[in-house]
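Every value quoted in this text rests on a predicted model; they were computed, and no experiment measured them. Order of the sequence lines sets the chain letters (A, B, ...), proteins ahead of strands, with each chain counted from 1.
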2 protein chains.
Amino acid sequence: MTAADRVYQIIRQRILNGQYPAGSYVREAAIGQELELSRTPIREALRRLVSDGWVEAIPHHGAQVVSWTQRDVEEVFELRVLLEPQVARRAASRIERNQLDQLESLAVRMEDLCRDEGENALEEIAVLNDDYHARLMAAAGSPRLQRLLETIVQVPVSRRSFHHYTRDELAGSMQHHRELLRALDAGDGDWAASVMRSHLLAARAAQLRFAACVEETGAGVASTPRA
Amino acid sequence: MTAADRVYQIIRQRILNGQYPAGSYVREAAIGQELELSRTPIREALRRLVSDGWVEAIPHHGAQVVSWTQRDVEEVFELRVLLEPQVARRAASRIERNQLDQLESLAVRMEDLCRDEGENALEEIAVLNDDYHARLMAAAGSPRLQRLLETIVQVPVSRRSFHHYTRDELAGSMQHHRELLRALDAGDGDWAASVMRSHLLAARAAQLRFAACVEETGAGVASTPRA
DNA sequence: CAAATTATAATTGTATGCAATTCGACTCGA
DNA sequence: TCGAGTCGAATTGCATACAATTATAATTTG
């Protein structure tokens, strides 16, 4: 792994946890001094971040961390509703027994956490949920579909959507995971795609409700909140 | 426009017309000497080409021009069939009168060229067709959807698909353009999406037939043919 | 003679210095 | 007082030099 790769991950992480707030500029020289590297690998990392949509390059003026408007969030959901059911559909006709077992194991652990009501259970569920989707993606066997989704589903929005769920919605989400397993096991692509679609539309509804809420209270939604 | 931007376009053009064949390596130093630039802007252009999927970065060994297998072509069609109907659907509820008129003008010119049977009429139609799709994309008003499609619909495959059409298929394609205009004018998203889907599935069928043909004759399909 | 090994050359990865460009503040004039 | 123009500081864009890594090929050894 090259220095530029490390810098890429470091900067992305800092954008994620709000250390670099939306709208702020990421300076090559500053990071270079801090990490004791020259500007060259920093530049390369920033260019990758630009093409991955994390920052915006203003010619001769720097790399600006992107701001997310509600409209952006909606646009991403619209694309996910198109693409992710296709992931499920493909997986239904390709998934292997052991992959199915792994997914089931993840689903069980999420359900357990859901019942526990532990302190940071939501965060743990979110991690497992990411793993679940990643393994499903792998089973679908379409590198381009994977790349597209990785490009648009940037964690700051998707991950946090879990926190807006009511208890019922969370239970419903767990139910979706289970039903998807049955659809996959049956090799029924239509069924699997439909379940995934419901899964996403439910997430979108929760997100929309949250957006309406912050609209009233006047809390910002554009900027990535700090950790 | 920076030097890196120019280099990006130059290299991409050379990949397109076969000057840099699939599987070959693009050397930073060689291009730098030829264009009388240092390796720095060349590197930057190559990194962009990597993230746009034109070349593959082999660590410490260089940038290799990607090879397209039949499976890749099918994967791209699968994604287009998902995404482009959504472009039509969005455009149906957003398009303005003058945009519709421009699309119609393009459709008419394509139909004329189709009747002419001129020598390089196919090439001209392909150019107009690209314009048609670009304007439709603009009318859809979704930058992310646009970016996704630009990423996957790399011209070497899509543009050439026109050349595999029979006369009937070409006429049918023109008919799709017309019908799409009616659907857009009616503001009927379902209709527009359905027409676009047919449009793409027809293109896919022609591509598949062509692939089967070269399979028999043993002609290569993986490498980008020379101009 | 074959296989492992080492040396070499070629290529990318990184550091540093300078040039070009842009944005902001300050000054000058109306 | 307001506006236009100009100067300067800051930042990116590019060139060059050097270091690190890897593939290749010659070489040596069993």
Listed partners of [X] passing side chain to side chain donor-acceptor pair (under 3.5 Å), at least two apart:
{"X": "B:Arg197", "value": "none"}
{"X": "A:Ser51", "value": "B:Ser51"}
{"X": "A:Glu104", "value": "none"}

Which residues pass the salt bridge (charged side-chain N to carboxylate O under 4.0 Å, His left out) test with [X], not counting sequence neighbours?
{"X": "A:Asp52", "answer": "none"}
{"X": "A:Glu28", "answer": "A:Arg39, A:Arg43"}
{"X": "B:Arg204", "answer": "none"}

Item checked: B:Gln99: partners by side chain to side chain contact (heavy atoms under 4.5 Å, CB included), with sequence neighbours left out -> B:Ile95, B:Glu96, B:Ala139
Margin query: Using whole Å, what does the distance between atom P of nucleotide C:dT14 and atom CE of A:Met1 come to?
Written below: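 The distance from CE of A:Met1 to P of C:dT14 comes to 12 Å, rounded to the nearest Å.
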Next item on the list: Calculate the interatomic distance between B:Leu37 atom CG and C:dA19 atom P; express it in whole Å.
Entry: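 Rounding to the nearest Å, CG of B:Leu37 and P of C:dA19 are 17 Å apart.
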Check: Is there any salt bridge (Lys or Arg N to Asp or Glu O under 4.0 Å) pair reaching into residues 12-27 of chain B, and which pairs are they, with sequence neighbours excluded?
Finding: B:Arg14-B:Glu34
Margin query: Base, sugar-phosphate or nothing for A:Thr40? Non-hydrogen atoms, less than 4.0 Å.
Written below: base
Next item on the list: Walking along DNA chain D from 5' to 3', note the first and the last nucleotide with an atom under 4.0 Å from a heavy atom of chain A, and give both.
Entry: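 So the contact region on DNA chain D extends D:dT11 to D:dG13.
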Note to self: Working to the nearest 0.5 angstrom, can you tell me the gap between B:Arg135 CZ and B:Asp130 CG?
What the structure shows: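 So the gap between those two atoms works out to 12.0 Å.
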Notebook entry, point to check: What residues, two or more places apart in sequence or in another chain, satisfy ring-ring contact (aromatic ring centres under 6.0 Å, His included) together with A:Tyr132?
Noted result: A:His177
Note to self: Report for the helix from C:dC1-D:dG30 to C:dA30-D:dT1: angle between first-end and last-end helix axes, five pairs each, rounded to 10 degrees.
What the structure shows: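 Comparing the axis at each end, I get an angle of 10°.
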N/O to N/O distances under 3.5 Å, protein versus nucleotides 10-12 of chain C:
| unit_1 | atom_1 | unit_2 | atom_2 | d |
| --- | --- | --- | --- | --- |
| C:dT11 | O3' | B:Arg27 | NH1 | 3.1 |

